[in-house]
Amino acid sequence: QVQLVESGGGLVQPGGSLRLSCAASGIAFRAYGMAWYRQAPGKQRDMVAAITSSGSTNYSDSVKGRFTISRDNGENRVYLQMNNLKLEDTAVYYCTTMGRRYWGQGTQVTVSS
């Protein structure tokens, strides 16, 4: 009954912004580190941002300075604020626990002019 549900994806122009949200249920959310991964067609699924249970964050080099991961323990949600989006950010974005045991279904982000 663990469930991670992503939302907030969509079509955006280069330079635009999106905010992804991941709603968690069935876990003691505040005790889990959380992460966002993404997978573009024909490519592996790679970590883009992570946040520990205490709030420490880590980002891939490709998104550092543009993306911000945050969490709201009161609402059992983790967010990914994506700014200055680039064409290469196009991918399905997935929410997962830090140990990668649980995954959401993914939400599509398409950056296109």
Side-chain angles (χ1 to χ4, degrees):
Q1 58 190 37
V2 174
Q3 200 168 19
L4 303 175
V5 181
E6 302 95 334
S7 61
L11 176 64
V12 65
Q13 295 186 105
S17 298
L18 283 174
R19 191 191 193 204
L20 306 184
S21 178
C22 172
S25 61
I27 61 170
F29 179 79
R30 66 184 71 247
Y32 279 79
M34 302 294 294
W36 288 95
Y37 280 66
R38 68 185 181 188
Q39 187 168 24
K43 298 183 179 180
Q44 68 179 41
R45 188 175 298 185
D46 290 327
M47 193 274 288
V48 297
I51 185 167
T52 69
S53 60
S54 62
S56 298
T57 58
N58 188 40
Y59 301 91
S60 68
D61 289 340
S62 62
V63 308
K64 194 170 299 181
R66 300 187 298 120
F67 290 11
T68 302
I69 188 171
S70 62
R71 64 191 297 153
D72 185 333
N73 289 338
E75 295 191 347
N76 289 356
R77 284 184 177 270
V78 60
Y79 301 94
L80 186 67
Q81 178 66 47
M82 305 184 294
N83 297 326
N84 191 25
L85 284 160
K86 303 178 182 299
L87 296 180
E88 53 265 40
D89 295 320
T90 295
V92 177
Y93 284 71
Y94 297 91
C95 175
T96 186
T97 53
M98 198 85 86
R100 296 179 293 174
R101 178 171 179 174
Y102 306 108
W103 294 86
Q105 82 289 345
T107 186
Q108 176 72 49
V109 172
T110 302
V111 184
S112 177
S113 59

Exercise. Answer yes or no on whether Arg71 is positioned over the face of Phe29, meaning its NZ or CZ is under 6.0 Å from the six-membered ring centre and within 45° of the axis.
Key: yes
Looking only at heavy atoms, which two atoms of [X] and [Y] are closest? And how far apart?
| X | Y | result |
| --- | --- | --- |
| Gly74 | Asp72 | N-OD1, 3.0 Å |
| Ser113 | Pro14 | N-CD, 3.8 Å |
| Thr107 | Gly8 | OG1-N, 4.2 Å |

What distance do [X] atom [atom1] and [Y] atom [atom2] have between them, rounded to the nearest 0.5 Å?
| X | Y | atom1 | atom2 | value |
| --- | --- | --- | --- | --- |
| Trp36 | Leu20 | CH2 | CG | 4.5 Å |
| Cys95 | Tyr37 | SG | OH | 11.5 Å |
| Gln81 | Ile69 | CD | CD1 | 12.0 Å |
| Ile51 | Ser56 | CD1 | OG | 8.0 Å |
| Ser17 | Asn84 | OG | CG | 7.5 Å |

Self-check item: Check against side-chain contact (heavy atoms from CB on, under 4.5 Å), Ser25 and Asn76
Solution: CA-CA 7 Å; Ser25 61; Asn76 289 356; 6.0 Å; no
Side-chain touch [X]/[Y], heavy atoms, less than 4.5 angstrom:
| X | Y | answer |
| --- | --- | --- |
| Met34 | Thr97 | yes |
| Thr96 | Met47 | no |
| Glu6 | Gln105 | yes |
| Leu85 | Gln13 | no |
| Thr52 | Met98 | yes |

Self-check item: Sole candidate of Trp103, Tyr102, Tyr94 that passes side chain to side chain contact (heavy atoms under 4.5 Å, CB included) when paired with Leu4
Solution: Tyr102
Quiz item: Of Val111, Leu18, Thr110, which meets side chain to side chain contact (heavy atoms under 4.5 Å, CB included) against Leu11?
Solution: Thr110
Quiz item: How would you list all residue pairs meeting disulfide bond (SG atoms under 2.5 Å apart) that involve residues 23-89, not counting sequence neighbours?
Solution: none
Exercise. Only pairs at least two apart or in different chains count here, so list each ring pair (Phe, Tyr, Trp, His ring centres under 6.0 Å) that has a residue in residues 39-87.
Key: none
Quiz prompt | Residue pairs involving residues 24-53 (criterion salt bridge (Lys or Arg N to Asp or Glu O under 4.0 Å); sequence neighbours excluded) | solution = Arg38-Asp89
